[in-house]
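These values consider heavy atoms only, across backbone and side chains, with no hydrogens, waters or symmetry-generated copies. When a ligand or atom number is given, it counts from 1 through the structure's own listing order.
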Amino acid sequence: MSQSSSLALHGGSPVVNEPLRWAPWPPVSEATADKLRDVYLSREWSFNSPMEQQFQRTFADYHDAEYGIFMANGTVTLQCALAACGVGAGDEVIVPALTWMATAMAVHYVGATPVFVDIEPTTLCLDPTETEAAITPRTRAVIPVHLYGGMANLDALGEICKKRDLIMIEDCAHMQGGKWRGKGAGSWGAVGSFSFQQSKTVASGEGGMCITSDATLADKIYRIKHIGYNMLAEQGGAKDGPPAGLMCHNFRATAFQAVILDDQTQQLAERIRKYEESAKIIADGLADVPGVRIQQRGAEATEQGYYAFCFIFDSEPLADIPLSTILEACRAEGLNLGMTYGTVYNHVLYNMPAESYRIANANCPVAEHTAAQRTAMFLHYALGADRKTIDTIPKILAKVAENAQALR
Ligand SMILES: *Cc1c(COP(=O)(O)O)cnc(C)c1O
């Protein structure tokens with residue numbers, strides 16, 4: 001220790017005596033439990049049941065799209081979106097280097113080649129300039145991911161896709177309820193893809209949805225997830241089949257998930273309002289703290305969804321302190337932070353052969369350094385904590401930054 005320190009890590013008294021606690025996630029209610037019982041007794045559990053149709057309507061409306069197609073998870077939604085847009089073998093699809101691997105795996109599943117492109121250091125989302133530079137004659141589609149607490153620049157990326165005749169599919173797994181210029185996340189691309197996996201902001205254990213306002217795409221996506229049935233067919237009552245050669249699957253979800261999700265969507269606007277309020281308190285509390293910056297929200301996000309809240313330690317006096325040391329110091333003060341996914345192509349679960357994907361420019365320095373080595377976060381439900389808890393978060397980070405010298 002090069003100078004005296006008041007850090008709890010060095011024996012000082014912590015900012016809080018008990019680690020900060022968040023309300024448990026996902027939320028549960030007796031009212032939803034009663035509705036689950038009703039659906040159970042109704043025997044209408046799947047196959048485009050009334051409850052699924054209701055939820056599709058609720059969720060598509062919320063995000064300003066005409067159609068919602070409910071599915072088993074937020075990976076097959078991406079796969080269906082790509083397949084319905086005709087993306088397949090021989091095509092390249094641009095994806096951000098920093099995202100959950102599902103974004104890239106969906107590209108592999110349709111036989112196309114993911115091209116990993118670097119992210120912006122501010123929003124941690126796909127960099128439009130790098131995206132344009134990575135386009136080749138084989139590029140067919142771009143998948144911007146609205147990641148953690150940021151929205152990808154839909155104006156710039158939309159413009160590039162239009163100019164270069166590329167399909168834009170938005171991965172909104174982290175952006176339930178987010179809006180860009182007042183219009184729903186997922187409604188800007190040809191298709192928007194959402195996940196309802198246990199940790200997400202709208203969650204039913206598993207689940208996913210594609211939204212689109214294109215009737216032809218909606219029909220194709222529906223058929224792909226529903227073994228070829230059209231939207232109006234009843235079980236055993238198919239009157240027509242899918243277009244020749246369209247590979248269809250069973251990617252259906254169930255009415256039970258729809259009950260939980262429909263209720264949570266009713267509360268989504270209020271949840272986002274609370275999250276934004278907490279995010280602002282933390283941002284204001286850190287405005288004059290050197291060494292800690294926060295992920296920028298979407299430049300034109302009118303409602304910012306949050307899957308996580310990110311702190312970036314890439315300036316003095318914290319820039320050269322190992323992230324693990326900073327996390328240890330925060331934990332000792334009472335704040336538990338986690339790390340980002342890191343780049344997909346370095347993820348322990350990503351085992352695709354090197355010739356099946358491409359990394360633009362041979363590396364992605366912002367994703368590899370800023371995101372993977374200098375960024376820490378907590379998940380969204382922490383933003384639901386009470387005012388006193390939220391106030392404590394910037395205090396802990398400020399104390400760690402003030403004592404940076406002692407961490408060297
Ligand atoms: C969670 C997630 C998905 C989809 O995941 P599922 O677990 O299959 O629902 C897709 N993209 C991103 C960025 C995600 O975080």
Side-chain angles (χ1 to χ4, degrees), residues 25-26 55 59 63 68-83 93-110 114 116-117 119-120 123-126 141-152 154 157 168-178 185-186 189 191-211 221 224-225 249-254 257-258 260-261 264 295 298 304-310 338-345 347 349-350 367 371-372 375 377-381:
W25 185 262
F55 171 55
F59 199 80
H63 296 87
I69 304 108
F70 186 37
M71 291 186 221
N73 59 62
T75 304
V76 294
T77 47
L78 288 166
Q79 182 182 339
C80 289
L82 288 162
V93 178
I94 290 175
V95 301
L98 181 74
T99 177
W100 176 237
M101 12 180 283
T103 318
M105 290 313 296
V107 178
H108 287 292
Y109 295 150
V110 298
F116 294 104
V117 167
I119 53 168
E120 299 178 309
T123 61
L124 304 183
C125 295
L126 192 60
V142 179
I143 310 183
V145 180
H146 305 304
L147 197 78
Y148 301 134
M151 286 185 87
L154 289 169
L157 292 164
M168 183 163 85
I169 295 168
E170 295 174 69
D171 185 343
C172 307
H174 293 188
M175 208 43 59
Q176 291 82 352
V191 184
S193 164
F194 292 82
S195 165
F196 307 121
Q197 186 272 334
Q198 178 97 2
S199 66
K200 306 292 161 85
T201 318
V202 175
S204 56
E206 299 292 343
M209 191 180 293
C210 283
I211 62 170
I221 292 168
I224 295 170
K225 82 114 182 190
H249 308 261
N250 172 9
F251 289 154
R252 293 187 295 266
T254 68
Q257 291 148 289
I260 296 169
L261 296 166
Q264 280 181 23
Q295 178 189 14
Q304 177 67 59
Y306 286 93
Y307 172 66
F309 192 88
C310 295
M339 288 167 64
T340 68
Y341 301 128
T343 54
V344 172
Y345 51 83
H347 197 283
L349 296 176
Y350 188 69
T375 304
M377 61 178 197
F378 50 66
L379 289 185
H380 62 93
Y381 45 87

| Aromatic ring proximity, centroids under 6.0 angstrom, Tyr306 and His380 | no
| said: Does the plane of the ring in His63 sit parallel, tilted or perpendicular to the ring in Phe194? Use 30° and 60° as the thresholds. | reply: tilted
| query | Which protein non-hydrogen atom lies closest to atom 11 (N) of ligand 1, naming both residue and atom, and how far is it? | reply | Asp171 OD2, 2.8 Å
| query | Going by the order shown, which atoms of ligand 1 are within less than 4.0 Å of some heavy atom of Thr103? | reply | 11 (N)
| request: Determine, considering heavy atoms only, which of Lys200, Gln197, His174, Gln198 sits nearest to atom 2 (C) of ligand 1. | output: Lys200
| Counting only heavy atoms, which portion of Tyr341 has something under 4.0 Å from ligand 1: side chain, backbone, both, or neither? | side chain
| field | Sub-3.5 Å N/O-N/O distance, Trp100 and ligand 1 | value | no
| Taking Gln264 for the side chain and Ala203 for the main chain, is one N or O donor matched with an acceptor at less than 3.5 Å? | yes
| remark: Quick note on ligand 1: atoms under 4.0 Å from a heavy atom of Thr99 include exactly 13 (C)
| said: Would Thr75 count as a polar contact of ligand 1, with the cut-off being nitrogen or oxygen pairs under 3.5 Å? | reply: yes
| request: Answer with yes or no whether the side chains of Gln197 and Ser195 bring together a donor and an acceptor at under 3.5 Å. | output: no
| Element-labelled atoms of ligand 1 that are located less than 4.0 Å from some non-hydrogen atom of Ser195 | 1 (C), 4 (C), 5 (O), 6 (P), 9 (O)
| Looking only at atom types and distance, does a side-chain atom of Gln257 sit under 3.5 Å from a main-chain N or O of Ser204, one as donor and one as acceptor? | no
| field | Closest protein heavy atom to atom 12 (C) of ligand 1, given as residue, atom name and distance to 0.1 Å | value | Ala173 CB, 3.4 Å
| For Tyr307, is the nearest heavy atom under 4.0 Å from an atom of ligand 1? | no
| remark: Numbered in order shown, the ligand 1 atoms found under 4.0 Å of a heavy atom of Val145 are 13 (C)
| task | State whether the shortest distance between N or O atoms of Gly74 and N or O atoms of ligand 1 falls below 3.5 angstrom. | result | yes
| Any chance the side chains of Asp171 and Ser193 put a donor and an acceptor closer than 3.5 Å? | no
| Can any side-chain N or O of Glu170 pair as donor or acceptor with the backbone N or O of Gly186 at less than 3.5 Å? | yes
| query | Cut-off 3.5 Å, side chains only: do Thr340 and Tyr148 have a donor facing an acceptor? | reply | no
